[in-house]
Every structure is written in C-alpha cells, then in structure tokens.
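Notes to accompany the following structure.
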Number of protein chains: 2
Amino acid sequence: MGNKKKSTIKDIANVLGITPSAVSKALNNHPRISKKTKKAVLQVAENLNYQPNHIATALRKGKSNLVGVIIPRANSNFFSSVIEKIEEVLNKKGYNVIITQSNESYEKECKNIEALLFTQVDGIIASMANETVKLDYYNKIKQKGIPLILFDRGENDLNVDYVGIDDYMSSHIVIDHLVEQGCKRIAHIGGFSHTRIYKNRIRGYFDALKKHNRPFEDNLIYECNLRQSDGRDIMKKIINLPDRPDGIYVSSDYAALGALEVMKENNIRVPDDIALVGFGNEPFSAISTPAISSVEQQSKKIGELAAKTFLKRISNPKEKVSLNKMILDAELIVRTSSKRK
Amino acid sequence: MGNKKKSTIKDIANVLGITPSAVSKALNNHPRISKKTKKAVLQVAENLNYQPNHIATALRKGKSNLVGVIIPRANSNFFSSVIEKIEEVLNKKGYNVIITQSNESYEKECKNIEALLFTQVDGIIASMANETVKLDYYNKIKQKGIPLILFDRGENDLNVDYVGIDDYMSSHIVIDHLVEQGCKRIAHIGGFSHTRIYKNRIRGYFDALKKHNRPFEDNLIYECNLRQSDGRDIMKKIINLPDRPDGIYVSSDYAALGALEVMKENNIRVPDDIALVGFGNEPFSAISTPAISSVEQQSKKIGELAAKTFLKRISNPKEKVSLNKMILDAELIVRTSSKRK
DNA sequence: TACTTTTGTTCCAACGTTTGAACAAATATA
DNA sequence: TATATTTGTTCAAACGTTGGAACAAAAGTA
C-alpha cells in the first residue's frame, strides 16, 4: 500500500498542541520535560507509527552513526566472523555497520574508502588488501580526523590502533610443533613480506628455525598471494626439488589445501612424508582428508576489540596520544596433517 | 593533524563573492550557470578540498543513496559473490551498500531490518534466513514503500521482485544425471520445505523420480539446516538403513561434505557404492576427495539482476504493478563424486 | 508579601544542501 | 525604440531534528 507520508516530530506536536522542540526533548528523555508530556508523546508517536529521521539527526549532530568496515573478502571464515562480532558490539551502541570488500585490490580499496568518507561514516575499521603498499588513502582518513582501526592486516607506518594476533609467535608455535613431530627441513609458503603480518610470520619462521638449530635454506621459502592455486603452483615446484623438505608451514589454509592436493596427486603421504600446517582454521581445514592442522586467529576476540577500540576513540577524541596495539595469542589446532605420533 | 573544519558550499561562495545557491547549482551543472562561474567554483572547491555533505543532501532530497543487503551469512561463496556484484552495479550509480548478516536467525534478521529502516536506506535486497516463517518485518518494508528485492531465498506470499535459479529444474538435472550414472535408489538431504527454494527442490526431486519410474521411499528424504554437521548426522542414519540408497542428492555443499566424510569413515566408496551430488558449487567442492559434483547457482548473474531491479524500481516508483520474477537456469558441475563412467 | 529557585515549555537558529520563484541585465525581436 | 526573451544570479524556504536562551508559571525561601 505504501503509507506514503511519514510522520515527523511536528505531527506529534500538532496532535498534542505543543511545539516540536518539546516533542524532541520528550523523546530524548530530557530532564526538564514532565513525565506526563513524555508519556503522551510516546503514546502519540506509537499511534502515528513515528520513526525518527536518522538523517536529520545526523545532519544536526554532525555524526552519522555509521561505521565503515573494509575487508579483503567476505568469503573467509575469519573475516566474516570478525564482522559478525563487530556488528554485534556496535549495533548495541546504536551504530550501523557498512561492510565493503576490497577483493585484495588496492584500487577497489581506495574506492571503498572514498565511498565511506562520502557517506560520512563516524569511523573506519579495516584490514588492508594484500596489494596495498601506498598509504595515501588511509592517511586521508586520518587527516579528516576520523577514527581508524586496523585489524589483522595492519601497517606500522600508519600509526593507528591495531588488533591482531601475534604473527611472530604463531610461527614459533608452528615450527616448534613440526620440529617436535620430527621434521628436519621445514619449508614456508608465506604471503608477501611487504605486508606486516606476513613479514612477521616469515621472521618468526627464521628465528624459530635458528632456535632449533635448523639450517635456513633459500629455496624453501616462497612468497605468494596465498590462494589455493598459489599453493598448488608452489607445491609443484617443491616436489621437484632435488631433496624435498619433510614439513611445510603455509600462511593460509587455502594455499595449504592447494599444496595438499598436489601432494596427494603425487602420492606423497601426509603427514608421514611431509607434515603440513596451515593458517586461519577455515572450516574446511577440519574436513579435508587428511584434516589440516591450522592456526586459529581469534576472530571473535579481534572483532570485539576492534569495535570497542572504535567506541573508545569516539567517546574521547581529544586523547590522541596513546595508540593501542593489541596483540593476541594465537593457538595451533593440531590435526592429522601434521600428527605423526 | 585532523584538518578540523570541513569546507562547505558557503565557504566556496564566500571566496568567490557569490551565493551558496549559485555554488550548489554550479556543482550540479545547472544549465543556467555560466561556464565561467562553474569553472571558478570547481577550482575553489578543489583548493578548499571540498567534500559535499552527503547527509545534508540526503535530508534535502529525501533519499540516502544507501541500499541495505541482508544475507544469511557472508561466509559462503555464493553470497559473497552475489554481494560483490551488487556492490559493483550500485556503486557505479552512486549508491552505497550496507551489508548485514542474519546468521540464519529470524530474530537477527528482524533487527537487521529495523536497523536498515532506521538508517533510511533507499531499498533492501535480501535473502531470507532459513528460520524465517513470519513475514511481518518484510511486510513492514513494503508498507513503507521501500523497494524490496529478494534473491535465492524468497517467498511467494510477499509478492515482491525475486531473482533466483530454477530450483525445481535443478533437481531434475541432478536426478537425470544420477539416473544416467546408474543409480537405482536416490536419497535427498534437503532444506526445510517451508522455505520456497527447498520446497521446490523437493518437488523437483519427487517429480524427477516419477519421471524415471523410480519409486519414492519415505525414509530416503530428509529435511534439515544443511550445515555440515547436519549432513553428517543424517548420513549416519542413512548408512544404518536396512538397504542403503546408491545415490544421494544434497541441497548444500556443506551438508554434502559432512555426508561424504561419514561415508569415507565407513569405507563406502564414492561414487561406486553411493554417488553424491551437492549444491552451491562452493570452492571446496572442487577440492575435496573425491571432488563433489555440485549445482552452480549463477551468483554473479543473480547479484547483477537484483541490483538492476532495484535501480529500475527506484527510477519509476509509480509502476507498482508488474512484479519481476527472474528465474535463471542452474548448471550441474559434474565431478568425481558422481561420475561412474 | 517579596524574592529566589525550580520546572516545563516555547522560541529560534542552526546543521549543509537544494530548488522554484523572483529579478536584473543582456540580448533578441518586433 | 519598445517589448519579449534569454541568461545568470540571488532570495527564501524547506528537509527534520536539536539544544541553548528566554520566559512564564509554580514552588520554595526569606
């Protein structure tokens, strides 16, 4: 039917013979308005099916109550779970969440930022695309004085709040585990080292090897986009090496799955010939054959902290000083692909 | 730095010694404004780093240029791919997209709708939660005269635009294929029949069996939530049947994967003992062992049509009459799990 | 009773933009 | 030259809400 005319605060005022501003105050529970009036206003509002005009409020107050989120792709258990939690926390506080995907593309990411700024979001929570190196667009956000919180894929140079797991330590946990399972030579299929998290994982890989007196070998470390196809391609190279490694640590479950496929196709026994550990604890890692050991990234916790950090920033914007770098512990979920004993 | 003061149309006007309204018209390329003035305005706007206040425009024009999208969960290849396309089409037309997840919960879905209405979106594109039976909240959208487009999970009673694949025919294609592979008795693990798409798939399953003169057996059809765990649970029941079926058609790849696991755990050979077909063509269906045959749902096309339908509705709102029910053909991707010959 | 305080409301300007009407100046038409 | 048209701009109101100042009435205090 389309009950065309939306009712406004003015309509309510007319019904009751009071002014719009009294109605506004009544609705906002202003202390100076009598209980009687408040009750009446609420009643009439109900009757008229009144819905506050959010846009008018936003204009008047100078804030939209919208928070923008940028993720590389929604199609990932980690990100969709982070978002779910962000929504949960922010909705409770009256914020709405605009989710955008960058598809790992710098260009798309820039467009997303522009769109979010255009929409006048009150803040942005983002995880950077793999491709992103230039920080100009992110700096634009900062310059506008809009709270920016990064998670997972951060960037130290930006100097903003950050939430993520301890990537360096994650690598240690993984390598410790593989060594314990008897692996002598461990390869690493990692992300590009210009991204902070992958750089840290690579560093952790190095240092953990050193710690265990394992030699570092140049041809056992690879950087890629970590898609399933990348895992396949690199694994093909690895099995053609004169002497193969006996353990592989992959920075993504998708790439790990690709690697696993190739190994199966070549009758390499996992974990006996080569033990495999992935990253991200995607649902499929538990159900592939063999199930893939993987690092759990604390998505819920990350989402919660990111949202709460935003709320903190918005509530006292003056306190520009103390940045929050929140680094959580990761957890290795050991499954068949790396369990030899 | 936080360059605090945002510049407005008024600032530009002051610099040039003209009125704000002239500036507004210049920026909107009004025919009555001289080229000279337009040029000057653009120049000054550039210098002052002017960004139009979207909220003010929205208030004045009575539209927010925001479109809400509700999906059951982002963590699915189908949905994230639909969204990507919706974004692509709508962004081009100056709309921003707010994505919300219902997590298959009716309650969350209602909250999402409330939030979107509160934000004054110009339209809503949604796929209903499995749980949803009551349509009160969706009717609220309609009553407000806000364009509503459903996709995939629709509902005939709502009488709104819809885009989805031909679920009824999909079942025919699947059953035709399984029969051709020599299956004599085919089970179906489906969604709940109160959801239109699942009802249609079940109907298709029935009719296709009849077409091939296959008997229908009561204990070969199951309704569930189609999660991986549901697939497992039901498969366990199936393998305990006095005589097992030799083909299984599952309405979701997740549930199909669960079923596959159970079969492997029980040394049932797939496809030789039991042939398996899933639904949704999730990435993992191609990489599980064996790879799962699956129905491809045309996510890109669906997203595109949904977005374009919204644009059509918004451009001529009077034309309330002719609903658009767009039913696309699905395609069966045949993989190892059902290929006997 | 006269004065201060409190209570409940109205008044009014503001947020930044848009848009039709009004108007003056320039140009075209008779 | 007088009149009609076109061009480029200004004016003013509007979108719906908010919130401080102003104000009258009621209540409290001396």
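In what follows, chains carry the letters A, B, and so on, assigned in the order in which the sequence lines appear, proteins first and then strands, with residues in each chain numbered from 1.
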Partners meeting side-chain contact (heavy atoms from CB on, under 4.5 Å) with Ala115(B) (sequence neighbours left out)
Asn96(A)
With Asn29(A), which residues qualify under side-chain contact (heavy atoms from CB on, under 4.5 Å), at least two apart?
Lys38(A)
What verdict does the salt bridge (Lys or Arg N to Asp or Glu O under 4.0 Å) test give for Lys111(B) and Glu114(B), after you've listed the backbone C-alpha separation in whole Å, the side-chain angles of each residue and the deciding distance to 0.1 Å?
CA-CA 5 Å; Lys111(B) 275 190 197 161; Glu114(B) 292 236 300; over 6 Å; no
Over how many whole Å does the gap from [X] atom [atom1] to [N] atom [atom2] extend?
X         : N       : atom1 : atom2 : value
Asn28(A)  : dT17(D) : CG    : P     : 10 Å
Tyr50(A)  : dG16(D) : OH    : P     : 10 Å
Ile9(A)   : dC15(D) : CD1   : P     : 14 Å
Lys63(A)  : dT17(D) : NZ    : P     : 18 Å
Gln120(B) : dG16(D) : CD    : C1'   : 10 Å
Asn29(B)  : dT17(C) : CG    : P     : 17 Å
Lys36(A)  : dA26(D) : NZ    : P     : 12 Å
Ile55(A)  : dT17(C) : CD1   : P     : 15 Å

Given [options], which nucleotide is nearest the side-chain atoms of [X]?
X        : options                  : value
Ala56(B) : dT9(C), dT17(D), dT17(C) : dT17(C)
Arg32(A) : dG20(D), dT17(D), dT7(C) : dT7(C)
Leu59(A) : dG16(D), dT17(C), dT9(D) : dG16(D)
Lys35(A) : dG8(C), dT9(D), dG16(D)  : dG8(C)

Check: dT17(D) base within 3.5 Å donor-acceptor of Lys25(A) side chain
no
Side chain of Lys61(B), base of dT19(C): donor and acceptor closer than 3.5 Å?
no
Go through residues 13-23 of chain B and report each residue with a non-hydrogen atom lying under 4.0 Å from DNA chain C, sorted by number.
Ser21(B)
Any Thr37(B) side-chain N or O less than 4.0 Å from OP1/OP2 of dT9(D):
yes
Is a donor from one side chain sitting under 3.5 angstrom from an acceptor on the other, for Lys63(B) and Asn65(B)?
yes
Mind running salt bridge (Lys or Arg N to Asp or Glu O under 4.0 Å) on Lys92(B) and Glu87(B) for me, showing each step along the way?
CA-CA 8 Å; Lys92(B) 239 177 242 156; Glu87(B) 271 193 316; over 6 Å; no
pair Ile55(A)-Thr119(B): side-chain heavy atoms closer than 4.5 Å
no
Should the ring pair Tyr106(B) and Tyr137(B) be called parallel, tilted or perpendicular, given that the plane angle runs from 0 to 90° and is split at 30 and 60?
perpendicular
Classify the ring geometry of Phe310(B) against Tyr95(B): parallel below 30°, tilted from 30° to 60°, perpendicular beyond 60°.
perpendicular
When all nucleic acid strands are considered with a 4.0 Å heavy-atom cut-off, which category describes [X]: base, sugar-phosphate, or nothing?
X        : answer
Thr57(A) : sugar-phosphate
Pro52(A) : sugar-phosphate
Thr8(B)  : sugar-phosphate

Find which nucleotide of DNA chain D each of His30(B) and Ser7(A) is nearest to by heavy atoms, and output the residue with the more 5' nucleotide.
His30(B)
